[in-house]
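What follows is a single structure, written as structure tokens, with notes after it.
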Number of protein chains: 2
Amino acid sequence: MAKSIKEIAQELNVSKSTVSLVINHKAEQARISKELEKRVLDYVKKVGYKPNSLAKSLATGRSNTIGLIVENIGDSFFGPFALYVEELLRKKDYHVLYSSTLGDPQNAQDIIDFMLEKKVEGILLAPTVDLEEHQRKILEHKVPLVVFDRNSPEVATHYVHIDNGDSSLKACSHLKSIGCENFGLVTIDSDQPQMLARKNAYLQFCKETGMQARILHLPYHSLRQKGMTTLRNWVSKNTELDGLYFTTNYLCILGLKSLRTEEGKIFDFPLFSFDDHELFDILNPKISCIRQPLEPLAKTCVKVLLKEIDRGISIPREYVISTDLIKR
Amino acid sequence: MAKSIKEIAQELNVSKSTVSLVINHKAEQARISKELEKRVLDYVKKVGYKPNSLAKSLATGRSNTIGLIVENIGDSFFGPFALYVEELLRKKDYHVLYSSTLGDPQNAQDIIDFMLEKKVEGILLAPTVDLEEHQRKILEHKVPLVVFDRNSPEVATHYVHIDNGDSSLKACSHLKSIGCENFGLVTIDSDQPQMLARKNAYLQFCKETGMQARILHLPYHSLRQKGMTTLRNWVSKNTELDGLYFTTNYLCILGLKSLRTEEGKIFDFPLFSFDDHELFDILNPKISCIRQPLEPLAKTCVKVLLKEIDRGISIPREYVISTDLIKR
DNA sequence: TATCTTTACTAATACGTTTTAGTAGAAATA
DNA sequence: TATTTCTACTAAAACGTATTAGTAAAGATA
């Protein structure tokens, strides 16, 4: 059904080269006559020719595809982020091959291999832990790489991120300013760098203000099963708590679900979330948060990656996006 | 950096064919000696050979990729759905090329063309309106197509969906059963089939029970700007309303945001949403809903598509997934 | 008229793989 | 010893495109 250049050439009694040149708007530079050009163009249109982009990519070395590797395309951070990325790249005629690692390094490795085989022109990666070697592999293959959200300090790559430490301090100050004198931190037990940075800022805040640090590490790999009860127990044991700071929105949601009482009221001290959520502004109590501005984040990632693709790989840099403190 | 079969062959002083056959585990059937096989295998491993999958696909006609076209990868229905799809396909060694149409037929067409050019082996599509012609094109290209969530009745394709009419009746009955005698329906003005089906069931319910139909059509293309005030005005005009049935969760969220009062309390009659949301169970008032079971939906889609790919295109069928009524 | 330019193309090669038909040499058969 | 059969490979074509060097014919120049 789908005709190839070869067939079209035969049917028009011209050479493949002619057809290819015309199709790629190189008729003039190749001195193809206007008449022939038109004849080819008309015929191509008539039969509805669509190039085989595999063959094209093989010949040109360009796939017009970039890879986007996130933790979970279904969550409220990466999903909308991916949409921005796609929209921005669509304008530049690029398409996105995405994949979710679910935090599993093995998945991540498979995905990276697959993308390299597919000859993506660049990769946008939110790394899981233990991915240093694979990041190196990407760079060895001369494929431009931009890392965002988290990174592995051991491999030098372009890195787009928010200032987790600063933002976390802002969060702490906010809680203090609204009267919390003994708020605790709820985070996960996996050592993702961005989580560590948020926690460390909390510890620093404690040191500076003399507040006692109270930290709960929930099990990343069995949140669903154990998270709720662990959190509930911890809160009821620590009666002096007067506020909770969750290092990410899914933890905050877990908090909301596990700590509410029968009557629907949740409890009587403020909650704070790192990362916003579309319903945080209508919950009771309202949830203040640090908001990662998705659009600037996506824009920067895409801009940096496209530049690498266009001009060749350059010395790694960091790009810091500032966050917003949303008081509610 | 990345070696090709050709180079490997030269370096080993054997033919390309030999290398290719060994790599593809056809050494035995091609009577390659064990020794040579091992020599090749060892070398291939040593240099870290990765096939160029573009060339491979060009030669074999298989891309091991399927296309997933949704409305918005960032929303709480398609995002998690996409994750299920990816997980299921990963097990079968397929990868996903996804794209969001944002409800724009032009985007959808571009995406479909791109995917056909990329030689995806099958397409999973949640159609926007006006896509009949392109669905035909996909089928003309002999690319297996499975449509889900919505469909265009004019083109016969495999179609995986929930029973919108039945589910909508369940919703209406539920509202009545909890005492709503005059509940209204809030939907959008675009004529997506699934939305029409939900509305028609409501109308049928009205006819059968003698309830007066009160329907608000919000503008699909300017929801953000006009939705909130339109809804608010409508509700305050229709004072006899004692319940609201939203035909999708994003409308319900819009309802929650626009109808709540300063004190945080939302209002005093029940809300019902078609489609669940991760926070509906902790809101006040609690939101009952029809839940589309994402996993069975995704499983069926993937199963049907893979079957089409394996055994060739078959006569279109419908697959109906039953929904759950979640009372809260 | 012999040479140089220009015009309007095309032939050939390359991209990296798969696959089938073919082949040289050794071993078996008659 | 001449023929057949195996063994262990390889040559060549194919997938569909892009690109560059080349060429025949016509026109311009001296």
Side-chain angles (χ1 to χ4, degrees), chain A residues 1-41 44 47-65 114 116-121 141-142, chain B residues 1-41 44 47-65 114 116-121 141-142:
Chain A
M1 192 76 251
K3 301 226 177 194
S4 68
I5 282 191
K6 188 177 164 186
E7 292 169 291
I8 290 181
Q10 279 167 354
E11 286 158 25
L12 285 175
N13 272 315
V14 297
S15 75
K16 291 193 295 172
S17 327
T18 304
V19 178
S20 174
L21 289 166
V22 169
I23 287 172
N24 290 295
H25 309 105
K26 293 184 179 165
E28 185 153 13
Q29 104 183 34
R31 303 171 185 284
I32 310 279
S33 65
K34 288 287 169 204
E35 302 90 75
L36 215 196
E37 182 180 11
K38 184 163 185 320
R39 200 154 67 89
V40 172
L41 245 24
V44 157
V47 301
Y49 168 76
K50 290 283 169 204
N52 178 325
S53 84
L54 296 174
K56 202 165 183 165
S57 297
L58 187 58
T60 59
R62 309 206 51 188
S63 64
N64 264 48
T65 305
F114 178 80
L116 290 178
E117 287 173 22
K118 281 279 175 193
K119 302 294 167 190
V120 295
E121 293 183 32
H141 280 250
K142 305 281 180 225
Chain B
M1 193 76 251
K3 301 227 180 195
S4 68
I5 283 191
K6 189 177 163 188
E7 292 169 292
I8 291 181
Q10 279 168 355
E11 287 158 22
L12 284 175
N13 271 316
V14 298
S15 75
K16 292 192 297 172
S17 328
T18 305
V19 178
S20 174
L21 288 166
V22 169
I23 288 172
N24 291 296
H25 310 106
K26 292 183 179 163
E28 185 151 13
Q29 105 184 33
R31 306 170 183 286
I32 310 279
S33 65
K34 287 286 170 206
E35 304 90 74
L36 182 55
E37 182 181 10
K38 183 162 185 319
R39 201 153 66 89
V40 172
L41 245 25
V44 156
V47 301
Y49 168 75
K50 290 283 167 203
N52 177 326
S53 85
L54 297 175
K56 200 166 183 165
S57 296
L58 187 58
T60 58
R62 307 206 52 190
S63 64
N64 262 52
T65 304
F114 177 79
L116 291 178
E117 287 173 21
K118 281 279 175 192
K119 302 292 166 192
V120 295
E121 293 183 33
H141 280 250
K142 306 279 181 226

Check your understanding: Can you find a side chain N or O atom of Tyr49(B) that sits less than 4.0 Å from OP1 or OP2 on dT17(C)?
Key ->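 Affirmative; the distance criterion is met.
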
I'd like to check the side chain to side chain contact (heavy atoms under 4.5 Å, CB included) partners of [X]; sequence neighbours left out, ordered by chain and number.
| X | result |
| --- | --- |
| Leu54(B) | Leu54(A), Ser57(A), Lys119(A), Asn52(B) |
| Gln10(B) | Lys6(B) |
| Asn64(B) | Arg62(B), Asp93(B), Glu121(B) |

Review point. If you take all heavy atoms of Ala55(B) and Leu58(A), which pair is closest and at what distance?
Key: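 So the two residues come closest at CB-CD1, 3.9 Å.
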
Practice item. Indicate the atoms forming the closest heavy-atom contact of Glu117(A) with Pro51(B), along with that distance. Key: CG-O, 3.4 Å

Measure the distance from [atom1] on [X] to [atom2] on [N] and round it to the nearest whole Å.
| X | N | atom1 | atom2 | result |
| --- | --- | --- | --- | --- |
| Ile5(A) | dT19(D) | CD1 | P | 11 Å |
| Lys26(A) | dT7(C) | NZ | P | 20 Å |
| Asn64(B) | dT17(C) | CG | P | 16 Å |
| Lys119(B) | dT17(D) | NZ | P | 8 Å |
| Leu12(A) | dC9(C) | CG | C1' | 14 Å |
| Gln29(A) | dT19(D) | CD | C1' | 10 Å |
| Leu54(B) | dT18(C) | CG | C1' | 15 Å |
| Asn24(A) | dT17(D) | CG | P | 10 Å |

Between N or O atoms, less than 3.5 Å apart, protein on one side and nucleotides 22-26 of chain C on the other: list the pairs.
none

Practice item. Could you list all the salt bridge (Lys or Arg N to Asp or Glu O under 4.0 Å) pairs where at least one residue sits in residues 13-22 of chain B, not counting sequence neighbours? Key: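 Checked against salt bridge (Lys or Arg N to Asp or Glu O under 4.0 Å) - neighbours excluded - no pair reaches residues 13-22 of chain B.
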
Check your understanding: Quick one: side chain to side chain donor-acceptor pair (under 3.5 Å) partners of Ser15(B), sequence neighbours excluded?
Key -> Thr18(B)

Exercise for review: Apply salt bridge (charged side-chain N to carboxylate O under 4.0 Å, His left out) to Glu7(A) and list each qualifying residue two or more places apart in sequence or on a separate chain.
Suggested key: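 Glu7(A) satisfies salt bridge (charged side-chain N to carboxylate O under 4.0 Å, His left out) with no other residue.
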
Point to revise | Axis bend over the full length of the helix from dT1(C)-dA30(D) to dA30(C)-dT1(D), computed from five pairs that close each end, to 10 degrees | key: 70°

**Study point:** Spacing of His141(B) atom NE2 and Lys50(A) atom NZ [to the nearest 0.5 Å]
**Key:**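 One finds 7.5 Å between NE2 of His141(B) and NZ of Lys50(A).
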
Under 3.5 Å, which donor-acceptor pairs do the side chains of residues 20-40 of chain A form with other protein atoms, sequence neighbours left out?
residue: Asn24(A); atom: ND2; partner: Ser20(A); partner atom: O; Å: 2.9
residue: Ser33(A); atom: OG; partner: Leu36(A); partner atom: N; Å: 3.3
residue: Lys38(A); atom: NZ; partner: Asp42(A); partner atom: OD2; Å: 2.7

Output one line per pair: protein atom, nucleotide atom from nucleotides 27-29 of chain C, and distance, for all N/O pairs under 3.5 Å.
none

Quick one: which protein N/O atoms are closer than 3.5 Å to N/O atoms of nucleotides 5-15 of chain D? Pair and distance per line, please.
residue: dT7(D); atom: OP2; partner: Arg31(B); partner atom: NH1; Å: 2.9
residue: dC9(D); atom: OP1; partner: Ser33(B); partner atom: OG; Å: 3.3
residue: dC9(D); atom: OP2; partner: Ser33(B); partner atom: N; Å: 2.8
residue: dC9(D); atom: OP2; partner: Ser33(B); partner atom: OG; Å: 2.8
residue: dT10(D); atom: OP2; partner: Ser15(B); partner atom: N; Å: 3.1
residue: dT10(D); atom: OP2; partner: Ser15(B); partner atom: OG; Å: 3.1
residue: dT10(D); atom: OP2; partner: Thr18(B); partner atom: OG1; Å: 2.3
residue: dA11(D); atom: N7; partner: Ser17(B); partner atom: OG; Å: 3.2
residue: dA11(D); atom: N6; partner: Ser17(B); partner atom: OG; Å: 2.7
residue: dA12(D); atom: N6; partner: Ser17(B); partner atom: OG; Å: 3.4

Exercise for review: Could you pull out all residues at least two apart from Tyr49(A) that satisfy ring pair (Phe, Tyr, Trp, His ring centres under 6.0 Å)?
Suggested key: none

